[in-house]
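Side-chain atoms are counted along with the backbone in the values below, which use heavy atoms only and exclude waters and symmetry mates. We number each residue from 1, following the sequence as shown. Counting starts at 1 for both ligands and their atoms, in listed order.
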Amino acid sequence: MKATAIANANIALVKYWGKRDKALILPYQSSVSMTCDGLQTVTTVEFSAEHQEDQILINDEELRKDSKDVLGHIERIRQLAGIKEKARIVSETNFPVAAGLASSASGLAAITVAATAAAGLALSERELTILARQGSGSACRSIAAGFATWHRGSREDGKDSFAEQIAPPEHWPEFRMIATILTEAKKQVSSRGGMAQSVATCPYYHQWAATAESDAGAMRDAILRKDFSAVCEIAQHSALKMHAVMLATKPPIIYFLPQSLEVIHHVLSWQQEGLACAFTMDGGPQVKILCLEKDVPEIQRRLKDIPSVIRTVECRPGAGARLAEKHLF
Ligand code: PMV
């Protein structure tokens with residue numbers, strides 16, 4: 001009853017921020033993402049009568065007992081499989097956790113795939129996305145390889161709120177996302193708490209959410225026809241609309257650091273010059289730059305001249321969540 005899975009983080013090109021059902025994690029909006037090959041979590045899950053209680057180690061640090069989302073997710077999978085054994089879970093990421101690089105997405109996607117296999121469940125990709133969604137919403141998109149959409153759905157039971165692939169990585173191998181690491185500090189406001197505050201207090205929350213459906217459709221079409229300038233325009237606007245909602249939340253959610261704004265202003269001036277790129281940002285201060293392979297050397301050269309950029313992580317469209325042979329313990 002032991003299995004290991006690898007999952008990549010994903011970066012939203014059309015953003016999700018807000019749940020219409022907090023227990024099932026049903027979103028107010030559909031979203032679109034790219035699964036990123038460079039931002040990886042490997043997780044081994046073992047269910048055994050020898051374990052007295054659930055134990056979770058993430059990058060050698062024991063997860064606090066009150067970390068309800070991960071522990072709740074393990075319990076959900078145990079119930080689905082009809083087993084009682086406690087779990088030992090060891091997880092390793094190759095990038096900073098809780099700093100706006102979607103570590104929860106890769107982490108919960110990897111746990112979902114490893115734990116269901118360890119528990120003896122055989123689920124379809126769609127069922128895995130529905131399950132991963134209940135661990136951490138955006139995790140459902142990390143199950144799929146390449147480009148994916150998470151359909152908001154309308155059913156109360158959430159069965160139509162799943163992620164599916166728009167196109168595999170081979171469809172657009174030149175697509176790149178360069179994440180600028182501006183701080184290694186953990187974020188102050190969790191996305192779970194933050195988005196609930198936004199739904200409750202942002203005066204234009206629902207106006208924003210209503211724009212996401214056409215954004216998601218337009219992004220899907222732009223990806224399918226490999227129209228990079230359309231992707232840039234929709235992605236950047238979607239990110240800024242989401243951050244506008246965050247800013248207008250009570251209390252305000254401000255993920256921008258001075259360094260984030262510095263990078264954003266550079267990207268805006270590069271766009272003025274005609275360099276094909278766009279920025280996006282999530283629940284943390286790191287700025288991610290979308291570009292094509294041919295422009296990576298030029299953009300990397302320019303980023304080296306910005307002192308706030310500690311380092312960068314470059315990603316291309318990556319593989320979906322999958323089982324691996326080699327266990328971490
Ligand atoms: O699913 P969560 O709780 O990791 O929320 C993710 C929210 C954003 O990253 C800010 C946007 C998105 O769609 O990924």
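Partner of Asp54 under the salt bridge (charged side-chain N to carboxylate O under 4.0 Å, His left out) criterion, chosen from Arg88, Lys84, Arg78: Arg78. With Asp215 as reference, Lys241 is the one residue of Arg220, Lys15, Lys241 to meet the salt bridge (charged side-chain N to carboxylate O under 4.0 Å, His left out) rule. Each of Ser30, Ser161, Ser33, Ser31 was checked for a side-chain hydrogen bond (donor to acceptor under 3.5 Å, both in side chains) with Trp150, and the lone residue meeting it is Ser161.
In this structure the side chain of His51 never reaches within 4.5 angstrom of the side chain of Glu85, judged on heavy atoms.
Ligand 1 places these atoms under 4.0 Å from at least one heavy atom of Gly283: 10 (C). Which parts of ligand 1 touch Met195 is read off a 4.0 Å heavy-atom cut-off, strictly below it: atoms 3 (O), 5 (O). Close approach to Gly137 involves these atoms of ligand 1, each under 4.0 Å from a residue heavy atom: 1 (O). Residue-ligand proximity, Ala12 to ligand 1, at heavy-atom distances under 4.0 Å covers atoms 12 (C), 13 (O), 14 (O). When each atom of ligand 1 is checked for a heavy atom of Ser191 under 4.0 Å away, the hits are 2 (P), 3 (O), 4 (O), 5 (O).
At a 3.5 angstrom cut-off on N or O pairs, Tyr16 counts as close to ligand 1.
Contacts with ligand 1 closer than 4.0 Å are made by no heavy atom of Ser31, backbone or side chain.
One option in Arg141, Gln29, Met242 has a heavy atom closer to atom 12 (C) of ligand 1 than any other, and that option is Arg141. In this structure, of Gly18, Ser142, Ser138, the residue bringing a heavy atom nearest to atom 1 (O) of ligand 1 is Ser138.
Between Glu53 and Lys86, none of the side-chain N atoms (NZ, or NE/NH1/NH2) sits under 4.0 Å from a carboxylate O, so this pair counts as no salt bridge.
Residue contact annotation: Ser104 has a non-hydrogen atom under 4.0 Å from ligand 1.
In this structure, a donor-acceptor pair under 3.5 Å is absent between the side chains of Ser106 and Asn8. There is a side-chain donor-acceptor pair under 3.5 Å between Ser308 and Glu262.
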